[in-house]
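These figures come from a predicted structure and were not determined experimentally. The first residue in the sequence is number 1, and the count goes up from there.
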Amino acid sequence: MVERFPYIKNRIVFELNETTEDDDRWKDGELKAAVQWIREHGFYIAVDDVGKGASTLQKIIELQPDYIKLDRYFAQGLAVNVEKQRMLSLLVNYCSPKIVLVLEGIEKEVDLAQAKLLRVPAAQGYLLGRPERLT
């Protein structure tokens with residue numbers, strides 16, 4: 001694909017979304033080898049929905065993704081929830097400058113403002129724009 005479409009290099013992010021049913025795959029060396037192969041060909045890796053269900057810090061440490069996408073749980077009510085703020089602050093410090101932390105599910109201005117105060121580098125959500133088809 002990279003040979004045929006060289007302009008895609010360094011422009012595509014593969015998201016790994018973990019479920020409890022797939023837990024064995026995360027332990028398998030083949031996944032780590034596949035992640036390495038993807039990186040060698042100029043693509044990026046994201047771990048999606050971190051903080052929801054089975055995602056663990058161990059997997060983040062082992063895979064060293066380029067992006068960590070936090071589950072929308074952390075964005076909802078962020079402005080009034082001190083514990084969520086503390087967790088985000090911890091993750092911002094861990095990720096910087098090597099990993100881009102993305103806060104998913106931003107729907108309210110006040111939660112976006114709080115994310116900015118916490119130095120969250122990237123966000124997604126309906127407040128920022130609805131998903132659209134590529135043309």
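- Residues Ile99 and Pro65 come closest through the heavy atom pair CG1-O, 3.3 Å.
- Residues Ile61 and Leu90 fall within the same hydrophobic cluster, defined by Ile, Leu, Val, Met, Phe, Trp and Tyr side chains chained together at heavy-atom separations under 4.5 Å.
- A distance of 8.0 Å separates CG of Asp49 from CD of Glu15, quoted to the nearest 0.5 Å.
- By the criterion of side-chain heavy atoms lying less than 4.5 angstrom apart, applied directly or through intervening Ile, Leu, Val, Met, Phe, Trp or Tyr residues, Val110 is not grouped with Leu103; the two fall into different hydrophobic clusters.
- Of all non-hydrogen atoms in Pro131 and Tyr126, the two that sit nearest each other are CD-CE2, 3.7 Å.
- Sparse packing is recorded around CD of Gln58, with 12 or fewer heavy atoms of other residues, nucleotides or ligands lying under 6.0 Å away.
- Put simply, CD1 on Ile68 and NZ on Lys98 are 11.0 Å apart, with the number rounded to the nearest 0.5 Å.
- For the residue pair Gln114/Lys84, the side-chain donor-acceptor check at 3.5 Å is not satisfied.
- Here His41 contributes atom NE2 and Glu3 contributes atom CD; the two are 8.0 Å apart, rounded to the nearest 0.5 Å.
- Smallest separation of non-hydrogen atoms from Ile8 and Met1: CD1-CE, 3.7 Å.
- Transitive grouping of hydrophobic side chains (ILVMFWY, heavy atoms separated by less than 4.5 Å) keeps Tyr67 and Val50 in distinct clusters.
- Taking 4.5 Å as the limit, some side-chain heavy atom of Leu112 sits within range of a side-chain heavy atom of Lys116.
- Nearest heavy atoms, Tyr44 versus Asp66: CA-OD2, 3.3 Å.
- Taking hydrophobic clusters as Ile, Leu, Val, Met, Phe, Trp and Tyr residues chained together by side-chain heavy-atom distances below 4.5 Å, Val92 shares a cluster with Leu70.
- We find the CG-CG distance between Leu88 and Leu117 to be 12.0 Å, quoted to the nearest 0.5 Å.
- At a threshold of 4.0 Å, the pair Glu62-Lys59 does not count as salt-bridged, since none of the basic side-chain nitrogens sits closer than that to a carboxylate oxygen.
- Checking side-chain atoms of Asp111 against main-chain N and O of Leu78 turns up a donor-acceptor pair under 3.5 Å.
- Using a 4.5 Å heavy-atom cutoff, the side chains of Val2 and Phe43 are in contact.
- Under a hydrophobic-cluster definition in which Ile, Leu, Val, Met, Phe, Trp and Tyr are linked whenever side-chain heavy atoms come within less than 4.5 Å, directly or via other members, Leu91 and Val82 are assigned to different clusters.
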Checklist entry - What do the steps show when you test Tyr94 against Ile60 for side-chain contact (heavy atoms from CB on, under 4.5 Å), and what is the final call? => result CA-CA 11 Å; Tyr94 172 78; Ile60 290 169; 4.1 Å; yes

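- Closest approach of Val100 to Ala122, counting heavy atoms only: CG1-CB, 4.1 Å.
- The NZ atom of Lys32 sits 12.5 Å away from atom CD of Glu30, with the distance rounded to the nearest 0.5 Å.
- Contact annotation: the side chain of Asp48 approaches that of Glu104 to within less than 4.5 Å [non-hydrogen atoms, C-beta and beyond].
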Next on the checklist: Does Leu127 form a side-chain contact (heavy atoms from CB on, under 4.5 Å) with Lys108? I'd like the steps, not just the answer.
Outcome noted: CA-CA 6 Å; Leu127 177 67; Lys108 296 183 178 178; 5.7 Å; no

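- If you take CZ on Arg72 and CD1 on Ile106, they are separated by 9.5 Å, rounding to the nearest 0.5 Å.
- Ring planes of Phe5 and Tyr7: perpendicular class, angle over 60° (limits at 30 and 60°).
- In terms of heavy atoms, Val13 sits closest to Ile45 at CG1-C, 4.2 Å.
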